Every structure is written in structure tokens, then in C-alpha cells.
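Have a look at the structure below before the remarks.
Worth saying up front: this structure is predicted, and the values here are computed from it rather than measured.
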Amino acid sequence: MNSKSIENTLALLERSMDATISRGKLIASNVAHSETPGYKAVDLDFEQVLARIKGEKQVVMARTHRAHLEDSFFQAHFPLRYRLEAQGELRADGNTVSLEEELAKSAGNQVRFQALTQALNRIFANLREAITEGGRR
């Protein structure tokens, strides 16, 4: 793996982790508004985000600070999906949040984030080994 490949892989992992964080915020917002009349549940299609990120020839890092542009990047590139009434549980108050569905999505999102973290840790462990052990034998 050359340095450009490692750089692109790290950027892909970073964007993917950012997407899971953004999705986690949306899920938390849905749960927080589970009793708000008329609230429509929102979500981010992670597979669409990942396909778009992977389709980029070169992942460009445009943010200068993680907290400043995170939401604007995803809002600009991936509009939120509102759960249609036919897809979600329609309650008399017009709220479409299903707590069971949100909890299931949250668990899946956490598993995805952990997998991305493990992949990132593996890359750094390999780099560390190459730096400290390479050529000593």
C-alpha cells in the first residue's frame, strides 16, 4: 500500500465515520422528538453517502475544523430523508417516530462506527509496525 493509497483510505474512513456521527445525531433528534406532535422522522442514507464518497476520484478534505463544517457538508451533499407516512408509523398527532425503529438504527449505526474504528486502528497498527519493526530482522 503506497502513501497515496493510505491517504485515500484514511480520508474514506474519516468521511464514513463523519457520516455515522451525523446519522447518530439525526437518530438522537428523532428520539428526542418522539412525543412532538407533527414531527417527521429524518434519516441519512449511509449506503448512498458511502457510494458517493467511494465514487469520488479523490477525497478532498475541505474542512479546517471538525466541528465547523460537518453538518454543512452532509446537508449540502446529502439532503435529509424524511420518513413518509406510509413508511413509518402514523400516529394521530402526525408524528412518524417509531422508538423501536430508532433504537434498531442506533444499534446498527454504533456497530458500523465500531467497525470503521477497528479498520482505522488496523491501519495505524500496520503503520506503527512498519515504522518500528521494519528492516530490524
Side-chain angles (χ1 to χ4, degrees):
M1 188 178 270
N2 64 33
S3 65
K4 191 65 175 173
S5 176
I6 292 171
E7 182 180 328
N8 286 340
T9 301
L10 290 175
L12 176 64
L13 287 171
E14 181 181 5
R15 288 282 177 121
S16 298
M17 292 173 89
D18 287 343
T20 59
I21 291 169
S22 292
R23 187 166 192 235
K25 289 178 182 177
L26 295 175
I27 293 168
S29 176
N30 289 340
V31 171
H33 289 90
S34 65
E35 298 299 323
T36 303
Y39 180 81
K40 306 294 182 211
V42 292
D43 199 358
L44 179 70
D45 187 342
F46 185 83
E47 284 71 25
Q48 180 187 20
V49 172
L50 187 60
R52 174 119 183 228
I53 292 171
K54 287 169 62 175
E56 293 177 1
K57 291 185 180 201
Q58 182 178 7
V59 178
V60 178
M61 306 304 292
R63 292 184 299 153
T64 58
H65 189 277
R66 171 169 256 158
H68 290 163
L69 300 176
E70 178 182 4
D71 289 339
S72 63
F73 170 81
F74 285 103
Q75 287 174 2
H77 292 84
F78 308 102
L80 297 178
R81 291 183 340 183
Y82 290 90
R83 186 179 307 139
L84 301 176
E85 293 169 356
Q87 295 172 310
E89 184 178 318
L90 180 60
R91 299 187 330 210
D93 63 1
N95 186 307
T96 62
V97 174
S98 165
L99 283 178
E100 293 82 14
E101 187 174 336
E102 298 304 324
L103 293 176
K105 285 180 180 181
S106 178
N109 202 46
Q110 289 174 9
V111 168
R112 181 175 285 139
F113 189 82
Q114 288 173 350
L116 292 167
T117 303
Q118 289 174 353
L120 190 62
N121 286 338
R122 224 174 296 130
I123 289 173
F124 284 123
N126 289 342
L127 288 171
R128 186 178 314 114
E129 183 175 331
I131 292 169
T132 59
E133 300 294 327
R136 289 189 174 190
R137 294 182 184 192

Within this structure, what is the CZ-CD1 distance for the pair Arg23 and Ile21, rounded to the nearest 0.5 Å? 14.0 Å
How many angstroms lie between CG in Asp43 and OG in Ser22, if you round to the nearest 0.5 Å? 11.5 Å
As an exercise, state the distance from CG of Asn109 to CD of Gln114, rounded to the nearest 0.5 Å. 10.5 Å
Just to verify, what does Asn121 make a side chain to side chain donor-acceptor pair (under 3.5 Å) with, not counting sequence neighbours? none
Backbone N/O of Ser5 and side chain of Thr9: donor-acceptor pair under 3.5 Å: yes
Group every Ile, Leu, Val, Met, Phe, Trp and Tyr by side-chain heavy-atom contacts under 4.5 Å, then state whether Leu44 and Val111 land in the same group. no
Distance (rounded to the nearest 0.5 Å) between Ile6 CD1 and Ile123 CD1: 7.5 Å
For Ala119 and Leu13, the nearest pair of non-hydrogen atoms, with its separation, is CB-CD2, 4.1 Å
Hey, does Glu35 have a side-chain heavy atom less than 4.5 Å from the side chain of Asn95? no
Determine which pairs satisfy salt bridge (charged side-chain N to carboxylate O under 4.0 Å, His left out) with at least one residue from residues 107-116, sequence neighbours left out, and list them in order. Glu47-Arg112
What closest approach, in Å, do Asn30 and Ala41 show between heavy atoms, and which atom pair accounts for it? OD1-CA, 3.5 Å
A side-chain contact here means heavy atoms from C-beta on lying under 4.5 Å apart; do Ser16 and Thr20 qualify? no
Quick one: does any side-chain atom of Ser34 pair with a main-chain N or O of Val31 as donor and acceptor, under 3.5 Å? yes
List in chain and number order the residues that pass ring-ring contact (aromatic ring centres under 6.0 Å, His included) with Tyr39, two or more places apart in sequence or in another chain; answer none if no residue qualifies. His33
Could you go through the side chain to side chain contact (heavy atoms under 4.5 Å, CB included) check for Met17 and Leu120 one step at a time? CA-CA 10 Å; Met17 292 173 89; Leu120 190 62; 4.0 Å; yes
